[in-house]
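Below is one structure, written out as structure tokens, with a few remarks after it.
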Amino acid sequence: MSATEIDYYELLECERTADDKILKSSYRRLAMRYHPDKNPGDREAEAKFKQISEAYDCLRDPQKRAAYDRYGHAAFQQGMGGGGQGGADFGDIGDIFESIFGSSFGGGGRQQQRRGADLRYDMEVTLDEAFHGKQTEITIEVSQGCEPCKGSGAEPGTGKRGCAMCGGHGKVRAQQGFFVVERTCPTCHGRGEVIEKPCRACGGEGRVDKPQTLQVDIPPGVDSGTRIRLSGKGEAGPFGSPPGDLYIFLHVKRHRVFERDGTTLLTRVPITFTTAALGGAIEIPGMDGEPIAVEIPAGIQSGKQLKKRGAGMPVLQGRGRGDMIVEIAVETPTKLSARQKELLRELQATETGDECPQSKGFFDRIKEAWTDLTD
């Protein structure tokens, strides 16, 4: 089932009155749940992920949301052409208003040149690529201007003539009761002229589908849902009119060590019992390849979170970096030597208040014994 068969608000589990913040929060939550990386081999989860991405793409745009709230999915059914590999176009909302309100809404006269459809391409990047940024190439199948006819749609050496149906105006009028309704001319489709002999290469469309290789610059700090716009790289407009744009929608894969929340990185680090009791310092690898020193205070407990400022993700199109949150997990040993058991019994005696003649230097000795165990 495609997203066009399901209410967008139901897909995002939001009320129709939800503001942008609620929509974004709900999208992020659902995207995390159904992301293909989190559900490998699950086709239903993959389809669900695409549906909620389509719904959020519509509702995050004020103009598209307003059209959807009024006309539903019909708002995007006109002008929906093929999107090429990995693509889908967004349609032309202006046609809806023109079909309802007639020329009084659009100014009348010959129809203006209609630009090509905008296209969508979904791209996956790793967290490391999102951190550093990268340059890459993509190849998509997209409509481009026909070279033999230069986008005119007419066979080379032939021309165009005025439309006899509308007299070159691009509009026709019809009487309906007390009203006169003006519509786009069905013969010339609003252009005011017709092609005498269509181009054999493009069938008179002025455009043909071709593979196109494009370079994409991904800046540091991108996140799932980030949209990169390539102006003029969308579908070619009909009969030489301007092309649309190509939108690259990014999806960041899960990392084996770090989780991400905006510019904040989260990781869980195990430490030994003696390090938790006595304190110390550990090093963890940073996303930039440099080790990050983390000071462990004495007596720290499992689940305690420590913050390293400026060790998170870069701020997209800004300065600085977010923070890193390190969650501590104290590991309890399962195999002990006789000496280690003896030292723990000494600790147990001090914890119960009994006098222990060997208590002096106890923690130094237990740390030494635990070092021997780990070695």
Side-chain angles (χ1 to χ4, degrees), residues 12-14 18-39 49 52-53 56-57 59-61 121-136 216-229 247-271 275-276 279-297 300-330:
L12 294 177
E13 300 179 1
C14 291
D19 58 21
D20 293 342
K21 185 176 181 180
I22 294 176
L23 286 173
K24 183 177 182 179
S25 175
S26 182
Y27 168 73
R28 288 176 64 91
R29 173 174 55 81
L30 293 171
M32 288 284 288
R33 181 190 305 170
Y34 294 106
H35 197 282
D37 288 343
K38 200 171 183 179
N39 302 274
F49 179 78
I52 61 178
S53 296
Y56 181 62
D57 174 63
L59 300 182
R60 71 188 296 187
D61 186 297
Y121 185 95
D122 291 285
M123 178 187 294
E124 283 193 332
V125 296
T126 65
L127 186 63
D128 184 70
E129 291 169 338
F131 181 89
H132 293 98
K134 76 167 187 174
Q135 289 186 340
T136 187
V216 181
D217 294 321
I218 300 175
V222 296
D223 199 353
S224 291
T226 298
R227 184 173 65 173
I228 298 175
R229 175 174 172 257
Y247 290 90
I248 310 294
F249 283 78
L250 299 179
H251 308 280
V252 181
K253 297 180 181 179
R254 295 190 67 186
H255 195 269
R256 64 185 183 86
V257 175
F258 296 106
E259 294 184 10
R260 181 179 181 180
D261 184 11
T263 59
T264 301
L265 290 175
L266 304 96
T267 185
R268 193 167 186 265
V269 177
I271 63 172
T275 302
I282 60 173
E283 286 188 346
I284 59 177
M287 289 296 299
D288 56 2
E290 296 295 326
I292 299 173
V294 180
E295 294 294 329
I296 306 296
I300 196 168
Q301 302 295 310
S302 280
K304 177 68 176 179
Q305 293 184 339
L306 305 175
K307 180 184 289 187
K308 293 294 295 183
R309 295 192 179 279
M313 294 293 292
V315 178
L316 181 62
Q317 297 180 343
R319 295 182 178 181
R321 293 166 57 181
D323 300 328
M324 179 183 293
I325 303 298
V326 180
E327 182 176 322
I328 299 300
V330 180

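Note that the structure is predicted; figures quoted are calculated from it, not measured.
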Margin query: So, using ring-ring contact (aromatic ring centres under 6.0 Å, His included) as the criterion, who are the partners of Phe49 when residues are at least two apart?
Written below: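 If we apply the ring-ring contact (aromatic ring centres under 6.0 Å, His included) test to Phe49, skipping adjacent residues, the hits are His35, His251.
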Could you pull out all residues at least two apart from [X] that satisfy salt bridge (Lys or Arg N to Asp or Glu O under 4.0 Å)?
{"X": "Asp261", "value": "Arg28"}
{"X": "Asp323", "value": "Arg309"}
{"X": "Arg256", "value": "none"}
{"X": "Arg254", "value": "none"}

Donor-acceptor check, side chain of [X] to backbone of [Y], threshold 3.5 angstrom: yes or no?
{"X": "Thr136", "Y": "Val216", "result": "no"}
{"X": "Asn39", "Y": "Arg33", "result": "yes"}
{"X": "Ser26", "Y": "Leu12", "result": "yes"}
{"X": "Arg321", "Y": "Met313", "result": "no"}

Item checked: Pair Arg29 + Glu13, salt bridge at N-O below 4.0 Å ->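 Salt bridge present between Arg29 and Glu13.
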Item checked: salt_bridge(Asp19, Lys24) N-O dist < 4.0 Å -> no
Next item on the list: Return the set of residues passing side chain to side chain contact (heavy atoms under 4.5 Å, CB included) with Gln135 (not counting sequence neighbours), or none when no residue passes.
Entry: Gln215, Asp217
Check: Tell me, do Arg60 and Asp20 make a side-chain contact under 4.5 Å, heavy atoms counted?
Finding: no
